[in-house]
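As a basis for the values below, the full set of heavy atoms in this structure was taken, side chains included, without hydrogen atoms, waters or symmetry mates.
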Amino acid sequence: MWDVGEEHAFHHLFDGYATLVRISFRRGRATGAHRQIESEAYKAARARGRPLLREFSHCPAPANLLDRLGNLVGLVTGAALTDNPNSAVLPLGDGRVMCLTETTKSSVLIDPDTLETLERFRYTDRLGGMVQSAHPIVTESEFLTLLPDLARPGHLVVRMEAGSNERKAIGRVDCRGGPSPGWLHSFAVTEKYVVVPEMPLRYSSASLLKSELAEFYAFEWLPASGSYMHVMCKSTGKTVASVEVPPFMAIHFINAYEEEADDVPGGRPAAVVVDCCEHYGDPAIIEALVLNRLRSFRDKDVLPNARVGRFRIPLDGSPFGELETALDPEEHGRGMDMCSINPVWLGRRYRYVYACGACRPCNFPNMLTKVDLVEKATNWHEKGSVPSEPFFVARPGATDEDDGVVISIVSSDNGEGYALVLDATTFEEIGRVRFPYGLPYGFHGCWIPVKD
């Protein structure tokens, strides 16, 4: 929801108050529903007719010195930050379902059947932290995330066991650039390691402390501060590699895996390979997602270029890592983002990525793409339709990586909204579930199987 009251409209795509959309498949039929998440930020805005907390690009202006001091206290305590969980929906390993965004207080539990907002997820540890990765790594056994430290630039790597509310620190990665940590919306893991990216789009301490917007809202683009990739061992918490890499801009990481040395099979990996949706070291994608631009330039070819960027991080102590293009960007229209994989291949050498791409001219990703990292990409596009992140659902009993279906929630400029189901192997349409009304654009989704 990007409009609040009669007079206030949000500025940026990332500001909208979170709406849950659900499609349920049972006995050959599908039903749909939607519901707003009842965050404190949403309820306060509805009551007052305007946003009261700091959102991605919205910063309430202090009226006087007392207001400014109150905002400063609110930022230090986290009270002035939004709890609007509009980034991700995550089925935890114990059956609970969590929604969240980059503020720690945004972690809430929802009922996947009724879509009711149940309660805030209360962490029972004392690790604190006002911000977190918007995309933790969640498996049946654990929940891994990063907590940026703005005071001593770095990231705390934490783990929470399934069924627990207590995070435990694995270790800490110190940032090598400065003066603050790089923005970290997502990260990657392998079977042995956690990969912590550090790009030159950095948190702006001045923006937070002064309650003012920075160059990129809460961030500054500081290319002279350098770009780095850090690798931490999951079992010891020690940083085993910290390398400088070419400048990069990545919101979403795809996957990572370990690359064995040719002469020592089965020994310590020679390198870690990390794939991401990379914007050629240019933060222009942030401004490209301003709402009036999205509404005004629909038929203009103004979407910034993106690719499958592949990092190679050596584990032999070398000071530098590599960044290359893993696939011809023309295969997906130079618009790669909003990615997912078969979760069984998390942290392993894999082949297929499902993502949003670009059928140009366009100002926003407007097609779905199956990227085959060995051969090429296969695309689905329907004029006037804007799909959300596609996610993979394996066929029961499947062993092949792409044996299953891909589901995306699609918004259409003719007022339609529907769930699209594609064959993950051929990328041909199997069917669609139409809503009786239009749907606003959505970000990330998940599949929650019914337990017998």
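At a cut-off of 3.5 Å, with distance as the only test, a side-chain donor of Glu258 or Thr190 sits close to an acceptor on the other residue. Side chains of His230 and Thr239: a donor-acceptor N/O pair is absent below 3.5 angstrom, by distance only. For His58 and Tyr217, the side-chain atoms include no donor-acceptor pair closer than 3.5 Å. Counted by atom type alone, Arg96 and Asn165 present one or more donor-acceptor pairs between their side chains at under 3.5 Å.
At least one donor-acceptor pair closer than 3.5 Å links the side chain of Asp125 to the backbone N or O of Arg167. Panel note: side chain Ser106, backbone Thr101; a donor-acceptor pair is recorded below 3.5 Å. Looking at Glu198, its side chain does come within 3.5 Å of a backbone N or O of Arg176 through a donor-acceptor pair. Side-chain atoms of His279 do not come within 3.5 Å of backbone N or O of Gly281 as any donor-acceptor pair. Although no hydrogens or angles enter the test, the distance criterion places a donor-acceptor pair under 3.5 Å between the side chain of Asn366 and the main chain of Cys359. Checked by atom type and distance alone, the side chain of Lys105 never pairs as donor or acceptor with a backbone atom of Thr82 at under 3.5 Å. Put simply, the side chain of Asn363 gets close to the backbone of Leu294: a donor and an acceptor are under 3.5 Å apart. The backbone N or O of Thr103 lies less than 3.5 Å from a partner atom in the side chain of Gln132, making a donor-acceptor pair. Remark: the backbone N or O of Leu327 is not paired with any side-chain donor or acceptor of Thr325 at under 3.5 angstrom. Between the side chain of Ser411 and the backbone N or O of Pro440, at least one donor-acceptor pair lies under 3.5 Å.
Within 6.0 Å of the CZ atom in Arg395, the count of heavy atoms belonging to other residues, nucleotides or ligands exceeds 12. Heavy-atom neighbours of Glu166 CD from other residues, nucleotides or ligands within 6.0 Å: above the threshold of 12. Heavy-atom contacts from other residues, nucleotides or ligands closer than 6.0 Å to CZ of Arg46 number 12 or fewer. Annotation: Lys43, atom NZ; neighbour count of heavy atoms from other residues, nucleotides and ligands within 6.0 Å is above 12.
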Please list, one pair per line, the donor and acceptor atoms closer than 3.5 Å that link side chains of residues 218-226 to other protein atoms, with sequence neighbours excluded.
{"unit_1": "Ser225", "atom_1": "OG", "unit_2": "Arg202", "atom_2": "NE", "d": "2.6"}
{"unit_1": "Ser225", "atom_1": "OG", "unit_2": "Arg202", "atom_2": "NH2", "d": "3.4"}
{"unit_1": "Ser225", "atom_1": "OG", "unit_2": "Leu222", "atom_2": "O", "d": "2.6"}

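Applying ring pair (Phe, Tyr, Trp, His ring centres under 6.0 Å) to Phe248 and the options Tyr280, Tyr228, Phe311 leaves one that passes, Phe311. No option in Tyr354, Trp345, Tyr352, Tyr350 other than Tyr354 meets the ring pair (Phe, Tyr, Trp, His ring centres under 6.0 Å) test with Phe392.
In this structure, His8 has its ring center under 6.0 Å from that of Phe10.
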